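Written out below as structure tokens is the structure these notes cover.
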Amino acid sequence: MEKIPIKHSWAEPYKIKMVELLKMTTPAHRKRAIEAAGYNTFLLRSEDVYIDLLTDSGTSAMSDRQWSGMMLGDEAYAGSTNFYHLEETVRDVYGYTYVIPTHQGRGAENILSKTLIKKGDIIPGNMYFTTTRLHQELAGGIFHDVIIDEAHEASNLHPFKGNVDLNKLDALVKKHGAKKIPYVCVAVTVNMAGGQPISMGNLKELRAYTKKHGIKIILDMTRIAENAYFIQQREEGFSKKSIREIVREICNHTDGATMSAKKDALVNIGGFLALNDPKDYEEASNLVVVYEGLHTYGGLAGRDMEAMAIGIQESVSDAHMKARIGQVIYLGEQIKNFGVPITEPIGGHGIFLDAKRFLPHLDQDKFPAQALAAALYIDSGVRSMERGIVSSGRNPKTGKNYYPKLELVRLTIPRRVYTQAHMDVIAESVENVFVHRAKITGLKMVYEPKYLRFFQARFEKL
Ligand code: F0G
């Protein structure tokens, strides 16, 4: 009998209809540009960038269906048709009852934090995210990391490094009492750990535990379809379930979610807060009027809500997710094969270079990840970003720098934007920088903004 070959290809389930031309620059031009940007890739002009891996946020290519949806914008101040389409879609795909649109994820985080957090409350989470933790703190809460220890080790191969350590959570409940903990914030996937997923098994155990103590679970569902893909690929009993089914099952174990639709949901702007509790919804839908806009637009145009509704449906396609994460893994495997240290297992939205092992001659006070991101930009015009001591910021009480275990450079892959050949260029540039790594020197911070310093801080070469 003829043997049927197994197909491993992750080829894109779409073809390209429109292109955006890229500008090529010289190393001398890029040296000047990064110096003028204070060695912060956030302060570069996009026109000076060749391949932009700063973020996967708002950088996706929309489909022809999403673009045609933009033409169906109902720009009424109140009760836009597109809002009801979005609401219907969130109910259909995620299963939450109430939806409040926001301009992006952090808008939802602000409303959620103000709705659920009282001064002195404790908010456990599976690792911090920059904007999420800040909104919790601004609302008077105190964030506590309850992710498993493995997540803080770049080379630990645990398949679900996003899991919550229930012992850590239990210790918090015993110390502060469940009344002080309004909810556990669960990120799917965990951005700062390298796009690492949480398992369904862990989420179920967390649900049982929190139910017993009257604590809610609120998802940060920014990359939920990517998390669902890892569950499908790695967790027993899920290989035959669709991404759509797994996404729904994740949401079923929770009480609400904040969403930055600029990632999974394939739009350039938008987000929402989703809730099941009518009381919480009442409070949140009142607050949104103060900070974002009426509860049927939340800072978005009707057309943005339409594109989001369509994008949500596209995001839970199995073929889409296979190609999306297939491309990330393709890049990661190449970089790994050059002997470059990266966070493993490879996560959902990017490759995270381990700057501590990449640049062992620089201690953390010299901002190794920030320096490495600048060196990579000079080498090839590939823009990445720091995810280490700069992103981590300072303890608001003591004013001291946090020293995170993970000191990473993130090569974030926008969805449906770059080709396999671009991935090859990126990998070759990372290799080239790795070969010449001994020449990379550290940085000193010369300007530090008060909030989320990584966005606007400036550096000089030591
Ligand atoms: N939660 C997670 C896990 C995120 O990655 C982000 C944004 C947000 C919340 C906030 O959403 O940007 O729409 O306000 N992450 C981007 C990034 C900025 O580059 O990782 P937002």
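Please read all numbers here as calculations on a predicted model, not as lab measurements. All ligand and atom numbering here is 1-based and tracks the order in the structure.
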Test your reading of the structure: does Gly105 have an N or O sitting under 3.5 Å from an N or O of ligand 1? yes

What protein heavy atom sits nearest atom 8 (C) of ligand 1, and how far off is it? Phe129 CE2, 3.4 Å

Can a cation-pi geometry be assigned to Arg387 and Phe454, taking NZ or CZ under 6.0 Å from the six-membered ring centre and within 45° of the ring axis? yes

Which heavy atom of the protein is the closest neighbour of atom 7 (C) of ligand 1, given with residue, atom name and distance? Lys263 NZ, 2.6 Å

Quick one: does Arg91's side chain have a donor or acceptor within less than 3.5 Å of a partner on Thr97's backbone? yes

Protein contact of atom 13 (O) of ligand 1 - nearest heavy atom, named by residue and atom, plus distance: Ser260 OG, 2.6 Å

Report, in ascending order of atom number, the atoms of ligand 1 lying under 4.0 Å from any heavy atom of Thr55. 17 (C), 19 (O)

Identify the closest protein heavy atom to atom 9 (C) of ligand 1: which residue and atom is it, and at what distance? Glu109 OE2, 3.0 Å

Can you tell whether the side chains of Asp92 and Arg244 come within less than 4.0 Å, N to carboxylate O? yes

Compute the ring centroids of Tyr297 and Phe83, then answer whether they are less than 6.0 Å apart. no

Under 3.5 Å donor-acceptor, Asp255 side chain and Ile217 backbone: yes

Suppose we measure from atom 10 (C) of ligand 1 to each protein heavy atom; which comes out shortest, and what is that distance? Thr131 OG1, 3.5 Å

From the candidates Asp220, Thr130, Thr102, Thr132, the one that places a heavy atom nearest atom 1 (N) of ligand 1: Asp220

Do any heavy atoms of His349 fall under 4.0 Å from ligand 1? no

Have a look at Thr258, Leu452, Val190, Asn191 and point out the one with the heavy atom closest to atom 5 (O) of ligand 1. Asn191

Checking Lys114 against Tyr291: charged group under 6.0 Å from the ring centre and within 45 degrees of the axis? yes

Ligand 1 atoms nearer than 4.0 angstrom to some heavy atom of Arg223 are 3 (C), 4 (C), 5 (O), 20 (O)

Any idea which atoms of ligand 1 are less than 4.0 Å away from a heavy-atom of Arg106? 11 (O), 12 (O), 14 (O), 21 (P)

Please tell me whether Tyr39 and Phe459 form a close aromatic pair, meaning their ring centres lie under 6.0 Å apart. no

Verify, without hydrogens or angle tests, whether Arg133 (side chain) and Tyr128 (backbone) share a donor-acceptor contact under 3.5 angstrom. no

Using a strict cut-off of 4.0 Å, indicate which atoms of ligand 1 neighbour a heavy atom of Lys262. 13 (O)

Would a 4.5 Å heavy-atom cut-off, applied to side chains only, mark Leu54 and Val49 as touching? no

How far is atom 21 (P) of ligand 1 from its nearest protein heavy atom, and which residue and atom name does that atom have? Gln104 NE2, 3.3 Å

When Pro124 is tested against each of Thr210, Leu206, Val186, Leu169 for side-chain contact (heavy atoms from CB on, under 4.5 Å), which residue passes? Leu169

What part of Met127, side chain, backbone, both or neither, has a heavy atom within less than 4.0 angstrom of ligand 1? neither

